[in-house]
J.: 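Please find one structure pasted underneath; my questions will follow.
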Amino acid sequence: MTREAGREARYRSIAADIAAKIRAGEYAPGEALPTQRALSASYDVTLMTLRQALRQLSDEGLIIQQPGRGTFVAPHPLAYQLGPLRSLADDLKEQGHQVHTTVLGRSVRRVPAEVAGQLRVRPGESALRLERLRAFAGRPAIHQVSWIRPPHGEAIRDQDFTSVSLYTALAEAGILVARAAETIQPALLTPATARHLGEPEGSPVFVSHRVSHTLDGTAVVVDRATILGSMMEIRTDRAATGLSLQWEATS
């Protein structure tokens with residue numbers, strides 16, 4: 001293991017340990033953590049390594065770092081698991097829509113270079129590719145392609161994804177997703193996806209890119225969803241300690 005890889009493994013291990021203590025109630029919501037120097041000494045690491053661990057916990061919404069004051073446990077340390085990780089289908093079902101999922105394909109394929117970089121696997125390595133089409137209000141609305149990191153993909157390959165969500169399938173296999181980083185961009189419908197969604201090429205769409213991680217920071221799913229702009233809108237609920245995002249049907 002290289003020195004850099006060893007340092008990365010160490011700070012992820014520290015982040016996982018502190019997160020476990022927060023969830024066990026060792027550090028209560030709103031409570032200050034020990035100083036950075038105290039934590040670095042207790043874990044026997046440099047301040048640089050300790051700060052990388054704290055940065056990961058901050059990104060996950062578990063802690064709040066206040067310059068000049070210290071580091072505090074977030075008021076609601078588990079809230080980040082609810083809003084950000086709720087699926088598009090869950091948002092729609094909560095609004096009373098019946099969502100129908102069709103599995104267009106599932107196969108083990110060579111991972112494209114861009115996805116390999118996000119999953120941090122070797123270029124050319126194979127992974128499970130899952131392609132789904134979501135329909136509600138009587139018409140297709142979402143086209144979704146997900147790449148699942150090996151060997152986790154093999155563990156869930158035979159699941160019935162018409163009724164089971166990807167996150168649920170992973171959880172049942174003992175793979176818990178803790179956080180997800182997502183970007184959403186406006187785009188125009190491509191010819192290949194237009195065929196699945198039944199809309200003219202060039203129609204306005206949202207494209208969601210999401211990378212889901214386990215608690216130790218391992219990227220486990222890379223997901224791309226194309227959502228018809230005519231059928232969906234984004235609603236957000238902003239608060240001092242975070243933001244929740246929800247997809248809402250417009251039809």
Side-chain angles (χ1 to χ4, degrees), residues 4-5 8-9 11-13 15-16 19 52-63 78-91 105-132 134 142-157 159 161 164-187 193 205-227 232 234 236 242-247:
E4 182 178 350
E8 180 175 345
Y11 86 73
R12 292 192 188 282
S13 173
Q52 286 178 298
L54 294 180
R55 188 178 304 117
Q56 178 175 319
L57 292 169
S58 178
D59 289 343
E60 292 172 1
L62 283 172
I63 63 171
L78 294 182
Y80 79 104
Q81 291 185 337
L82 303 177
L85 293 183
R86 188 165 57 185
S87 69
L88 292 171
D90 287 338
D91 278 344
R106 71 175 92 195
S107 58
V108 176
R109 299 188 186 181
R110 290 185 179 275
V111 181
E114 180 183 357
V115 175
Q118 293 171 317
L119 283 178
R120 296 187 181 179
V121 299
R122 295 186 303 273
E125 189 170 348
S126 296
L128 177 65
R129 181 185 183 274
L130 177 64
E131 184 177 7
R132 291 166 290 173
R134 315 278 199 176
I142 304 160
H143 176 263
Q144 199 165 6
V145 175
S146 306
W147 290 88
I148 301 92
R149 180 187 187 88
H152 305 322
E154 288 85 341
I156 64 171
R157 183 175 181 179
Q159 278 276 8
F161 288 106
V164 177
S165 74
L166 181 51
Y167 284 155
T168 298
L170 288 168
E172 290 177 352
I175 306 151
L176 300 179
V177 175
R179 66 184 180 91
E182 183 174 17
T183 61
I184 301 168
Q185 298 173 311
T193 311
V205 293
F206 294 108
V207 176
S208 162
H209 296 270
R210 178 186 288 194
V211 183
S212 301
H213 303 261
T214 54
L215 186 58
D216 66 0
T218 301
V220 65
V221 178
V222 171
D223 184 89
R224 175 188 170 98
T226 302
I227 303 122
M232 301 281 286
I234 303 170
T236 63
L243 174 148
S244 66
L245 176 148
Q246 181 183 33
W247 288 98

J.: For Gln159 and Glu172: C-alpha separation, side-chain torsions, deciding distance, then whether side-chain contact (heavy atoms from CB on, under 4.5 Å) applies.
T.: CA-CA 10 Å; Gln159 278 276 8; Glu172 290 177 352; 2.9 Å; yes
J.: How long is the straight-line distance from CZ of Arg110 back to CZ of Arg129, given to the nearest 0.5 Å?
T.: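 Answer for the CZ-CZ pair, Arg129 versus Arg110, is 15.5 Å.
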J.: Identify the heavy atoms of Ala15 and Gln56 that sit nearest to each other, and give their distance.
T.: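 Shortest heavy-atom separation between Ala15 and Gln56 comes out as CB-NE2, 3.8 Å.
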J.: Check the side chains of Thr218 and Arg12 for a donor-acceptor pair under 3.5 angstrom, ignoring hydrogens and angles.
T.: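 Their side chains do not contain a donor-acceptor pair, so the 3.5 Å distance test is not met.
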J.: Give me the atom names and distance for the closest heavy-atom approach of Ala116 to Val111.
T.: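 Smallest interatomic distance, heavy atoms only, reads N-CG1, 3.3 Å.
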J.: Any side-chain heavy atom of Trp147 within less than 4.5 Å of one from Arg109?
T.: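 In short, these two side chains touch, coming nearer than 4.5 Å.
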J.: Would you mind telling me which of Leu130, Val108, Leu119, Val222 makes a side-chain contact (heavy atoms from CB on, under 4.5 Å) with Ile148?
T.: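 The side-chain contact (heavy atoms from CB on, under 4.5 Å) with Ile148 is passed solely by Leu130 among Leu130, Val108, Leu119, Val222.
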J.: Looking at every heavy atom in both Ala169 and Ile156, which two are closest together, and how far apart are they?
T.: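 Nearest pair, atom of Ala169 first, then Ile156: O-CG2, 3.6 Å.
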J.: Rounded to the nearest 0.5 Å, what separates atom CD in Glu125 from atom CZ in Arg120?
T.: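 If I round to the nearest 0.5 Å, the distance is 14.5 Å.
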J.: So how far is it from Ile175 CD1 to Thr214 OG1, rounded to the nearest 0.5 Å?
T.: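 Answer for the CD1-OG1 pair, Ile175 versus Thr214, is 9.0 Å.
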J.: When you check the side-chain N and O atoms of Ser208 and Arg210, is any donor under 3.5 Å from an acceptor?
T.: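 No.
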J.: Only one of Arg132, Glu131, Arg134, Arg224 clears side chain to side chain donor-acceptor pair (under 3.5 Å) with His143; which?
T.: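 Among Arg132, Glu131, Arg134, Arg224, the one that satisfies the side chain to side chain donor-acceptor pair (under 3.5 Å) with His143 is Glu131.
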J.: Taking the side chain as everything from C-beta on, heavy atoms only, tell me whether Leu166 gets closer than 4.5 Å to Val177.
T.: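 A side-chain contact is absent here, since even the closest heavy-atom pair is not under 4.5 Å.
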J.: So how far is it from Leu128 CG to Arg106 CZ, rounded to the nearest 0.5 Å?
T.: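 Output value for this atom pair is 8.0 Å.
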J.: Rounded to the nearest 0.5 Å, what separates atom OG1 in Thr193 from atom CD in Gln144?
T.: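 Output value for this atom pair is 12.5 Å.
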J.: At what distance, to the nearest 0.5 angstrom, does CD1 of Ile63 lie from OG of Ser58?
T.: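 Between atom CD1 of Ile63 and atom OG of Ser58 there are 5.5 Å.
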